[in-house]
Amino acid sequence: MTRASSQLDGDYDYIIVGAGTAGCVLANRLSADPDRRVLLLEAGGRDNWIWFHIPVGYLFAIGNPRSDWMFRTDSEPMLHGRTLAYPRGKVIGGSSAINAMICMRGQAADYDGWRALGLPGWGWSDVLPVFRRLEDHFLGESEHHGVGGGWRVEAPRIHWRVLDAVREAAVELGIPAIDDFNCGDNEGTGYFHVNQSRGRRWSAARGFLKPAIDRRNLRIELHALVEKIITEGERACGVQFRRGAEVVQARARGEVILAAGSIGSAQILSLSGIGRHDWLSQAGIATLIDRPGVGANLQDHLQQRAIYRVRGVRTLNEIYHSRVARVGMGIQYLLQRRGPLTMAPSQLGIFMRSGPEQPRANIEFHVQPLSLDKFGDALHTFPAITVSACNLHPTSRGSVRPRSADPLAAPAIAPNYLSTPEDRTIAADAMRATRRLMSQPALRRYAPEEYLPGASVGDDTASLIEAVGRIGTTIFHPVGTARMGPAGDPQAVVDARLRVHGIERLRVVDASIMPSITSGNTNTPTAMIAEKGAEMILADARQTGS
């Protein structure tokens with residue numbers, strides 16, 4: 001039973017909800033002025049577990065209630081009614097503490113598309129300097145990259161012969177070999193750059209929060225589950241959160257900033273009465289502002305996890321099941337910080353067009369020297385690789401909506417994958433492209449054999465879509481549930497300066513504000529959004545004198 005509400009001492013200039021990637025960047029930037037009081041609220045705990053820091057720890061962190069919120073989707077009609085695990089990080093650093101560590105900005109056209117929607121300041125030429133300012137990149141200072149920032153980027157510290165062969169196969173397919181996916185056009189094949197430092201995961205907590213953690217004007221509350229935003233009229237003035245059995249209120253004389261991600265920020269807005277009226281009514285929540293875009297526009301990359309058995313070449317599967325080899329890779333990691341324990345989930349990337357009618361690369365492959373039925377399961381006992389293809393620009397739209405007024409109840413998550421004809425066509429084209437890739441001469445010496453979806457599946461569109469429904473799953477890139485848009489857009493939740501339409505002193509600064517998903521992994525764009533958002537918040541404060 002909860003005790004009566006208490007209140008934190010004094011008012012804060014900024015209350016940040018969520019210490020994931022965006023929240024860590026915001027906390028660092030907004031607390032840099034010692035005269036500003038900043039409160040950071042995180043519903044998870046500390047990153048004091050070894051598997052948050054050894055890169056291969058994602059195998060143990062995803063699907064573990066210690067580190068993962070353990071969300072599940074609703075039944076997905078086009079995935080044969082399956083419900084999917086929907087991992088989100090439950091720790092400081094958020095999903096950057098359990099994700100793939102892949103540093104991927106997307107394509108210049110992604111951001112130019114945002115600007116074309118009436119969102120000034122969000123084009124590629126606007127965000128590139130922000131990306132550069134964030135980075136500490138192993139390639140050094142250039143027109144594309146920066147050094148000295150908190151976002152450490154390095155080359156992978158392991159290579160696999162089988163992946164080199166897949167890259168050769170991609171070149172044989174007509175896809176150019178490139179060394180850097182982050183120059184605005186990522187069409188090509190190469191090895192992903194990763195957020196690591198000398199073989200250790202580099203989360204947003206490590207890069208941004210910990211350097212600021214001893215600032216006297218920054219207060220961090222862990223295990224603090226925000227229940228709602230406190231409002232007075234049409235102005236945000238604080239938050240209410242649950243800390244164990246205690247309900248606590250914190251007041252803001254400045255701004256409340258939601259950085260809880262595409263699931264959390266949409267849920268908190270809804271619990272606060274800001275959202276779609278009929279959804280709120282069905283959940284027993286009184287409507288403060290009818291804002292139908294809250295929780296709508298959910299976008300994600302559906303990965304089609306094709307698995308191929310291989311022969312005559314090493315994969316992680318055999319190492320995982322060999323006690324001697326596991327000891328060896330542990331020693332290699334301890335002595336050299338190299339080897340399989342430094343692995344990101346995917347090492348090789350391929351960006352290509354599903355057909356000549358596509359104006360830019362619209363398919364991303366994540367190629368892995370391992371295979372398993374699902375994250376959290378043991379690796380297969382036979383040598384194999386996983387060749388996951390995803391549609392970079394899905395037209396399907398899903399939702400995140402409250403189930404009840406209880407803040408402890410997980411929201412209903414419905415990605416609505418493959419709900420449009422365009423997405424189904426591209427899914428089938430991507431499966432055909434996977435088969436073409438794996439049949440190239442460079443791979444013949446390894447005799448790849450299709451294990452999933454299986455060689456018995458026909459190459460016709462209907463058969464391939466049915467197969468994608470069986471093997472498709474999230475690649476952990478939810479965005480868009482509080483999307484940016486001008487005031488006249490009824491589905492927009494925030495404006496171009498990330499201020500919530502209709503509520504003063506409330507902003508959303510995380511991946512939920514993306515109007516359309518970026519062309520690749522979404523963690524680095526989220527850091528950019530937070531860096532740019534902090535810049536806007538500070539500029540607006542200077543302008544108003546607050």
Side-chain angles (χ1 to χ4, degrees), residues 78-79 100 102 104-110 113 163 166-178 180-192 299-308 345-368 385-396 415 417-440 443 448 450 452-453 457 459 461 463-465 467-469 471-477 479 516-522 525:
M78 291 304 299
L79 303 188
I102 293 172
M104 181 65 60
R105 295 171 177 173
Q107 298 167 352
D110 299 332
L163 298 189
V166 175
R167 191 184 192 201
E168 291 174 29
V171 172
E172 291 173 342
L173 201 58
I175 300 165
I178 62 175
D180 188 352
F181 288 126
N182 287 309
C183 300
D185 179 3
N186 53 19
E187 188 167 5
T189 179
Y191 289 95
F192 292 119
Q299 298 161 61
D300 190 11
H301 291 138
L302 178 73
Q303 62 170 330
Q304 303 167 194
R305 296 182 61 249
I307 294 173
Y308 284 80
S346 303
Q347 291 80 57
L348 180 70
I350 303 170
F351 289 80
M352 63 174 291
R353 306 178 197 217
S354 62
E357 75 284 356
Q358 296 295 332
R360 54 187 170 127
N362 68 320
I363 298 293
E364 177 182 11
F365 285 92
H366 289 80
V367 190
Q368 307 163 335
I385 64 174
T386 300
V387 187
S388 287
C390 70
N391 176 0
L392 290 172
H393 311 133
T395 54
S396 299
Y417 297 117
L418 301 178
S419 58
T420 65
E422 296 90 343
D423 286 359
R424 293 192 290 274
T425 296
I426 290 173
D429 288 342
M431 282 304 309
R432 294 187 189 101
T434 304
R435 287 175 165 177
R436 290 198 305 273
L437 172 71
M438 298 304 294
S439 66
Q440 294 303 306
L443 285 163
E450 187 176 313
L452 279 180
V457 174
D459 228 32
T461 297
S463 296
L464 292 174
I465 291 172
V468 170
I471 67 173
T473 189
T474 176
I475 204 166
F476 323 133
H477 298 164
V479 307
S516 56
I517 195 166
T518 52
S519 299
N521 306 68
T522 52

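Because the structure is a prediction, the values reported are computed rather than measured.
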| Is it true that the side chains of Asp423 and Asn391 contain a donor and an acceptor less than 3.5 Å apart? | yes
| request: Show the numbers, then the answer: is there a side chain to side chain contact (heavy atoms under 4.5 Å, CB included) between Phe365 and Thr434? | output: CA-CA 9 Å; Phe365 285 92; Thr434 304; 3.2 Å; yes
| said: Can a donor-acceptor pair be found, under 3.5 Å and without considering hydrogens, that links the side chain of Arg305 to the backbone of Ile471? | reply: no
| field | Check against side chain to side chain contact (heavy atoms under 4.5 Å, CB included), Asp180 and Asn186 | value | CA-CA 8 Å; Asp180 188 352; Asn186 53 19; over 6 Å; no
| Test item: Thr474 side-chain N/O and Phe476 main-chain N/O as donor-acceptor pair under 3.5 Å | yes
| query | Ring centroid separation for Phe192 and His366, is it under 6.0 angstrom? | reply | yes
| note | Residues Val457 and Ser463: closest non-hydrogen pair is CG1-O, 3.8 Å
| What do the steps show when you test Val166 against Leu437 for side chain to side chain contact (heavy atoms under 4.5 Å, CB included), and what is the final call? | CA-CA 8 Å; Val166 175; Leu437 172 71; 4.2 Å; yes
| field | Beyond-backbone contact of Leu418 with Leu302, side-chain heavy atoms, under 4.5 angstrom | value | yes
| Approximate separation, where rounding is to 0.5 Å, of Met352 CE and Ile350 CD1 | 8.5 Å
| task | Nearest 0.5 Å please: distance from the CG atom of Leu392 over to the NE2 atom of His477. | result | 10.0 Å
| remark: So CD1 of Ile175 and OG1 of Thr189: to nearest 0.5 Å the spacing works out to 7.0 Å
| query | Got a donor-acceptor contact below 3.5 angstrom from the Gln368 side chain to the Ile385 backbone? | reply | no
| message | Apply side chain to side chain contact (heavy atoms under 4.5 Å, CB included) to residues Ile102 and Ser346 and explain how you reach the verdict. | response | CA-CA 8 Å; Ile102 293 172; Ser346 303; 4.1 Å; yes
| message | Using only atom types and a distance under 3.5 Å, with no angle test, would you say the side chain of Ser419 pairs donor to acceptor with the backbone of Met78? | response | no
| Regarding Tyr308 and Glu450, is there a side-chain donor-to-acceptor distance under 3.5 Å anywhere? | yes
| task | Begin with the C-alpha distance, continue with both residues' side-chain angles, and end with the deciding distance and a verdict on side-chain hydrogen bond (donor to acceptor under 3.5 Å, both in side chains) for Asp110 and Thr518. | result | CA-CA 6 Å; Asp110 299 332; Thr518 52; 5.2 Å; no
| request: Of all the heavy-atom pairs spanning Ala433 and Leu173, show the shortest one and how long it is. | output: O-CD2, 4.4 Å
| message | Would you say that Gln304 contacts Cys390 through its side chain, given a criterion of any heavy-atom pair below 4.5 Å between the two side chains? | response | no
| said: What I'd like to find out is whether the side chain of Glu364 reaches to under 4.5 Å of the side chain of Asn521, using heavy atoms alone. | reply: yes
| request: Output yes when a side-chain donor or acceptor of His393 lies under 3.5 Å from a complementary backbone atom of Asn362, and no otherwise. | output: no
| query | Is any side-chain N of the basic residue among Asp185 and Arg360 closer than 4.0 Å to the acidic one's carboxylate O? | reply | no
| Rounded distance [0.5 Å steps], CG in Asp429 versus CD in Glu357 | 7.0 Å
| said: If I take atom CZ from residue Arg424 and atom CG from residue Leu464, how far apart are they, to the nearest 0.5 angstrom? | reply: 14.0 Å
| How many angstroms lie between atom CD of Glu422 and atom OG of Ser396, to the nearest 0.5 angstrom? | 8.5 Å
| request: Go through the side-chain N and O atoms of Arg432 and Thr461 and say whether any donor and acceptor fall under 3.5 Å apart. | output: yes
| message | Looking at Gln299 and Ile517, would you say the former's side chain and the latter's main chain have a donor-acceptor pair under 3.5 Å? | response | yes
| task | Over all heavy atoms of both residues, which pair between Tyr417 and Asp300 is shortest? Give the atoms and the distance, please. | result | OH-OD2, 2.6 Å
| field | Atom of Gly106, atom of Asn182 and distance for their closest heavy-atom approach | value | N-OD1, 4.4 Å
| note | Looking only at heavy atoms, the pair that brings Gln358 and Arg353 closest together is O-NH1, 2.9 Å
| task | Please name the pair of heavy atoms, one in Ser519 and one in Met104, separated by the smallest distance, quoted to 0.1 Å. | result | O-CG, 4.3 Å
